[in-house]
Amino acid sequence: MTNDTVALDDSVHLTESELLELEAVLTGGIHLKKTAESAKETVIRVENLSAYFGHKQVLQNLQLEIKDQEITALIGPSGCGKTTFLRTLNRMSHTVPGFRHEGVVSVLGRDVSEVRDVESFRRAVGMLFQRPNPFPMSIIDNLTLALKLFGVSKKERIEIAKDKLNEVGLYEDLKDRLHQSPFALSGGQQQRLCLARALAVQPKVLLLDEPASALDPKSTKLLEDLFVRLAEHMTIVIVTHNLAQAKRIAKRTAFMEAGEIVEFELTDKLFYHPQDPRTRVYVEEQIG
Amino acid sequence: MDTRADSGVSEVSIQTMPSYEMHSYRRKVKSIAVWSISFAALAFVMFIILDILLSVISKGVPGLSLKLFATQTSGIAGGLQNAILGTLMLIVISSLISAPLGVLAGIYISLFAPKRFGAVIRFISEVLAGIPSIVIGYFGYMVMVLQWGMGFSALAGGISLSIIILPYIVRTTDASFRQIPKSYLEGAIALGMTPFMATRTVLLKLATPGVLTGILLAVSIALGETAPLIYTAGWSNFDPNLQLIKNPVAYLTYVVWTYLNEPYNAAHQLAYTAALLLVAIVLVLHLLVRLLQRGSIKHA
Ligand SMILES: Nc1ncnc2c1ncn2[C@@H]1O[C@H](COP(=O)(O)OP(=O)(O)OP(=O)(O)O)[C@@H](O)[C@H]1O
Ligand SMILES: [Mg+2]
């Protein structure tokens, strides 16, 4: 049994590039093959990242490369620093007084500590939170507010809003109540609305902090399918406590413990063939 | 059926847990005592409030007439037009000064100020709220009326009132912004909004009912002030003439305060009717506050 898994994993590991090529051939030849190759582009590069809240060190020497058009999962016990790390990637951690980091964090080719125009940087690196947080205004205003502030014309804003609602599968349900409050929507719908809102400013990277932990299985499935589809043209990093979720959608997974990245591997390999004993213990405990 | 079940339960508990039963008995007596005292206190307060309200209404209503709103006071009689307009002018001036200042300061200390600095401003504002209004009136008299040469005037009175109500507006604004869950600000900032944009659009929307409540309460406090105005606004038997300085203005609390001391019935009538108007305005303000608060619950 164990032998089987190892063999399977190894073969997957070895033929990854061949698989991509195969996929490219199957789905449309040279053009797609090119994008498959550019999929290897590194969008997020982290070197020797240490981070502190005041005197307390919460991240230690993180080392990590995250690639475009992939979903990367961060797992690990509560308090190990997943959220802090995720929020360092779009400088949200930096809004907390007393936070500072050392080392290199490069996102979309820009070093986060040298970003001048934080706002346009954050526009390129979208974020979805644990609890849906629609703004206290109509559904359509939720989607268009940021665009309006950035000077997008009204006609264009509405078009983008409808487009994104469609993309998250809400348009048919909501098209007749775009001017109503979002607070009457179900949790799952609210979260998808927030996703559409994040997508409306055209981010290239999407950071997700336990985005489905407050949702029922059906809404979770809907969201996961969306993430997989979005990852075809963007980079997604997701923090999750749900290992099954990581297994379902993430190509690679990083296991963190006590502020360190213990292991960063292809998801299947991490779960079925962990190299580090700490990973093995955690995965076994979580799966039971 | 019910009683039998009840007695069954108490029988069991008496047999098995006598000390518990004692405790709960004592607790019951205690709680009845506490409740009675609270109720008596409440009844007492209600009685006083009702008494004041009833006497103001019964004595004030007879003086209500169109003439009251259409004529100015002359000597100890006449109407209240000058006092009503003067009060309005003082309230408008003090709100125009203290509302923007107080709201901006409240937003600043709740969202943007470094922790330590915010605490300092909060402390200063509490101290300011604790200063007796007559002290502020006297300060206004010395500095504005005399030193700055404003004379008794709407501006000197309005500024004095705004110093008195500023801390209330700061405090309620601060509180309304601080109770907004962080997730709204973060959600907005994560979209690439500046903190200022997020405050102006998302947060202000959430805080508005609380902020307006604070302003309305502050206005009702300003309405009731007399002492500082006597030092700064003076008194005039004529309608305010839109001159901000060197022209004294009339106000309702002055009528209540002085005319009750006059030995004439007509003066007393005017004082009671002025009191009735003040109470009515304050009541309306508080009803508005209630409406605002009910509106704000829907979002949370
Ligand atoms: N604003 C803050 N100030 C000080 N310490 C903080 C702050 N935010 C987080 N921490 C600390 O940093 C460490 C990492 O927290 P973080 O929220 O990143 O963990 P996490 O892995 O996301 O946990 P969870 O799975 O519970 O969400 C914890 O020890 C936490 O107490
Ligand atoms: Mg977290």
Q) Considering only heavy atoms from C-beta outward, does the side chain of A/E119 approach that of B/M193 to under 4.5 Å? A) no
(Q) Is A/V118 in contact with chain B via its backbone, its side chain, both, or neither, using a 4.5 Å heavy-atom distance? (A) neither
Q | Separation between CE of A/M127 and CG of B/L191, rounded to the nearest 0.5 Å | A | 11.5 Å
Q | Option that, when pairs with chain B are counted at under 4.5 Å, heavy atom only, ranks first among A/R87, A/R131, A/R91 | A | A/R87
Q) Do the side chains of A/K148 and B/T201 get nearer than 4.5 Å, heavy atoms only? A) no
Q) For B/F139, does the CZ atom have more than 12 heavy-atom neighbours from other residues, nucleotides or ligands under 6.0 Å away? A) no
(Q) If we ignore hydrogens and angles and just use 3.5 Å, is the side chain of A/N133 paired with the main-chain N or O of B/Y184 as donor and acceptor? (A) no
(Q) Is it true that, when you exclude A/F53 itself, more than 12 heavy atoms of the residues, nucleotides or ligands shown sit nearer than 6.0 Å to its CZ? (A) yes
Q.
Need one label for A/P203: side chain, backbone, both or neither, based on atoms under 4.5 Å from any heavy atom in chain B.
A. neither
Q) What is the distance from atom OG1 of A/T95 to atom NZ of B/K182, rounded to the nearest 0.5 Å? A) 7.0 Å
Q. Take atom CZ in A/F121; do more than 12 heavy atoms of anything else shown fall under 6.0 Å from it?
A. yes
Q: Measure across A/F150 and B/M197 and return the closest heavy-atom pair with its distance rounded to 0.1 Å.
A: CE2-SD, 4.3 Å
Q.
Using a 6.0 Å cut-off, check whether atom CZ of B/F196 has over 12 heavy atoms from anything other than its own residue.
A. no
Q: Could you tell me whether the side chain of A/M137 reaches within less than 4.5 Å of the side chain of B/V202, counting heavy atoms only?
A: yes
**Q.** Contacting region of B/A188 [heavy-atom separation from chain A under 4.5 Å]
**A.** both
